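So the structure is just underneath, and the comments pick up after that.
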There are 2 protein chains.
Amino acid sequence: MSESPVSNEPPIYRRIADGLRAAILSGELRDGDRLPGENALMAEYGIARATARQALSVLINEGLAVPKRGSGVYVRRFKPIRRHGSRRLARDQWGRGQAIWDSDTRGRPYTVDGLRVAREPAPDDVAAILAASEIWVRRRRYSVDERPVQLATSYFPADLVEGTPITLPDTGPGGVYARLGDLGQAPAHFTEEVQARMPQPEEVTALELPAGTPVVVVRRTAYTAGGTAVEVNIMTLDAASYVLQYDFDA
Amino acid sequence: MSESPVSNEPPIYRRIADGLRAAILSGELRDGDRLPGENALMAEYGIARATARQALSVLINEGLAVPKRGSGVYVRRFKPIRRHGSRRLARDQWGRGQAIWDSDTRGRPYTVDGLRVAREPAPDDVAAILAASEIWVRRRRYSVDERPVQLATSYFPADLVEGTPITLPDTGPGGVYARLGDLGQAPAHFTEEVQARMPQPEEVTALELPAGTPVVVVRRTAYTAGGTAVEVNIMTLDAASYVLQYDFDA
DNA sequence: AAGTGGTCTAGACCACTTA
DNA sequence: AAGTGGTCTAGACCACTTG
């Protein structure tokens with residue numbers, strides 16, 4: 001028994017979703033608050049279970065709510081990390097043996113796990129940029145506040161870094177950029193390309209992403225003063241955890 | 001009759017979605033190709049309509065497929081615009097009477113519509129940055145290849161721009177930045193803050209976004225050489241239509 | 001006219017969380 | 001034990017697109 005099937009109104013599930021969204025955006029429902037569940041919506045609106053689920057799925061796919069099995073659907077919490085694009089890579093950061101990351105989290109503890117270093121054949125696009133068919137790859141995952149927030153994969157020309165600490169798990173003080181400096185190939189110029197899209201399943205798993213969360217993909221290329229590309233770093237960020245900041249002059 | 005309810009395998013709808021995704025990512029199914037429809041999946045896997053829909057909805061919400069009413073579900077097409085963050089705002093661009101946008105589309109035709117200019121009370125966050133309670137607001141929508149790709153809202157301190165062409169629909173050669181220059185308030189430094197999230201319904205409508213498409217929100221603040229904020233510009237981009245590029249030195 | 005996706009009902013069983 | 005969300009079936013009517 002659908003209410004008034006001829007009318008021009010949006011479907012029931014959408015009207016319900018609109019109401020809940022308004023409550024969230026207005027602050028009537030706050031971070032972490034529990035939304036009316038499937039049973040509550042069925043009773044309140046006299047609809048079938050599937051329709052109630054559909055209404056909730058709208059909010060979940062918009063990233064406004066998070067379902068918790070056996071518990072309920074809750075208003076989502078946010079607290080992004082500010083990531084400085086230009087400032088963070090200033091030479092004095094890594095030139096003094098500081099990890100780049102330190103300038104982002106402002107004291108919040110972070111962890112790195114899943115570090116894997118390997119020599120591999122280069123993917124086509126990376127091979128073209130680095131002008132190398134064989135590369136060393138460094139993969140790892142970053143977490144803040146116990147939650148994974150970023151996957152990163154760095155590529156280096158094998159000929160350049162072979163035998164250096166860049167091929168080891170521990171690259172030493174200042175990290176890979178300091179080591180490139182040791183080789184006389186210090187990065188002087190960076191390009192970052194930023195895209196956003198919905199994640200693939202492996203990314204959902206690795207970053208523990210709830211539905212409705214995009215990822216931001218940052219592809220950074222590091223060039224020496226001579227214009228040679230010495231690193232490509234592809235970072236996949238939980239979009240809900242980040243604000244990217246770039247500063248530049250006219 | 002669910003197949004083998006005890007097994008540790010993913011649910012049917014997810015296995016079907018995984019298969020279709022693999023076909024898309026491998027290139028077996030190409031841009032614009034038609035996916036097997038609900039009826040085809042029901043027959044092939046012996047499942048109910050709702051389950052087939054659920055499988056397709058996974059791909060749609062991932063942004064990999066687009067449903068077309070009465071026709072089918074199709075592999076999505078992409079062709080992003082490259083937007084240069086640093087270079088595009090170099091003084092010689094607007095200093096010579098060129099619109100900023102010209103440096104992005106490289107000859108692809110673009111259009112602006114929905115331009116509205118108004119004097120309003122400032123939203124709290126903007127008021128704080130511009131140090132002004134009253135502001136002039138310029139809103140407009142940009143399209144490329146007949147498709148809307150960006151919404152933009154610019155805020156200016158009312159005291160500063162009152163009586164200038166910035167309060168008119170046509171701001172003249174070089175646009176608002178040239179006019180700020182006329183006032184002796186030329187922008188010298190910019191900050192862009194980049195975030196990505198799922199769109200709200202009004203944004204879905206205004207940008208004609210298919211499901212599974214995030215938006216990228218860029219908030220740019222323009223500062224004079226003296227450090228005064230003279231413009232806040234909030235841009236909402238169709239994430240599938242853009243690659244943002246930033247260049248900077250170590 | 002036939003096929004497609006969009007919405008909805010009325011059930012069912014399951015795994016999980018909370019009390 | 002009760003309640004919750006997760007998955008699934010088997011129907012139905014609709015609006016829309018295509019041949």
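Not measured: the values here are computed from a predicted model. So that the names make sense, note that chain A is the first sequence line, chain B the second, and so on, each numbered from 1.
At dG6(D), one or more side-chain N or O atoms of R53(A) fall inside 4.0 Å of OP1 or OP2 (strictly under the cut-off). Look at R49(A) and you won't find any side-chain N or O under 4.0 angstrom from OP1 or OP2 of dG11(C). The side chain of Y13(B) places no N or O atom within less than 4.0 Å of a non-bridging phosphate oxygen (OP1 or OP2) of dC8(D). The phosphate of dT9(C) has OP1 or OP2 within less than 4.0 Å of a side-chain N or O from T51(A).
A straight line from CG of L56(B) to P of dT7(C) spans 14 Å, rounded to a whole angstrom. We find that CE of M42(B) is positioned 12 Å from C1' of dT4(C), with the value rounded to whole Å. Atom CG of L41(A) and atom C1' of dG5(D) are 12 Å apart (whole Å). Taking atom CD on E38(A) and atom C1' on dC8(C), their separation rounds to 15 Å, with Å as the unit. Whole-Å rounding puts the K68(B) NZ to dA15(D) C1' distance at 17 Å. The nearest whole Å value for the distance from the CD1 atom in I12(B) to the C1' atom in dC13(C) is 14 Å.
Nearest to the side chain of P11(B), among dC8(D), dT18(C), dT9(D), sits dC8(D). In this structure, the nucleotide among dT9(D), dT7(C), dT4(C) sitting nearest to the side chain of N39(B) is dT4(C). Comparing dG5(D), dT17(C), dT9(C) against the side chain of A48(A) picks out dT9(C) as the nearest.
When the nearest nucleotides of DNA chain C are assigned to R69(A) and P36(B) by heavy-atom distance, the more 5′-ward of the two goes with P36(B). Taking for each of I60(A) and G70(A) the nucleotide of DNA chain D with the nearest heavy atom, the 5'-most of the two is the partner of G70(A).
For the residue pair R140(B)/Y142(B), the side-chain donor-acceptor check at 3.5 Å is satisfied.
Using a 4.0 Å heavy-atom cutoff across all strands shown, R34(A) reaches sugar-phosphate atoms only and no base atom. Contacts of I47(B) with the nucleic acid, taken as non-hydrogen atoms under 4.0 Å apart, involve only primed sugar atoms and P, OP1 or OP2.
A 6.0 Å sphere centred on CG of D124(B) holds no more than 12 heavy atoms belonging to other residues, nucleotides or ligands.
A donor-acceptor pair is defined here as one N or O able to donate and one able to accept, closer than 3.5 Å; no such pair exists between the side chain of R15(B) and the backbone of Y13(B). Although no hydrogens or angles enter the test, the distance criterion places a donor-acceptor pair under 3.5 Å between the side chain of D33(B) and the main chain of R30(B).
Of all nucleotides present, only dA2(D) satisfies the Watson-Crick or G-U wobble test against dT17(C), with each distance under 3.5 Å.
Atom CD of Q200(B) and atom OG1 of T205(B) lie 11.5 Å apart (nearest 0.5 Å).
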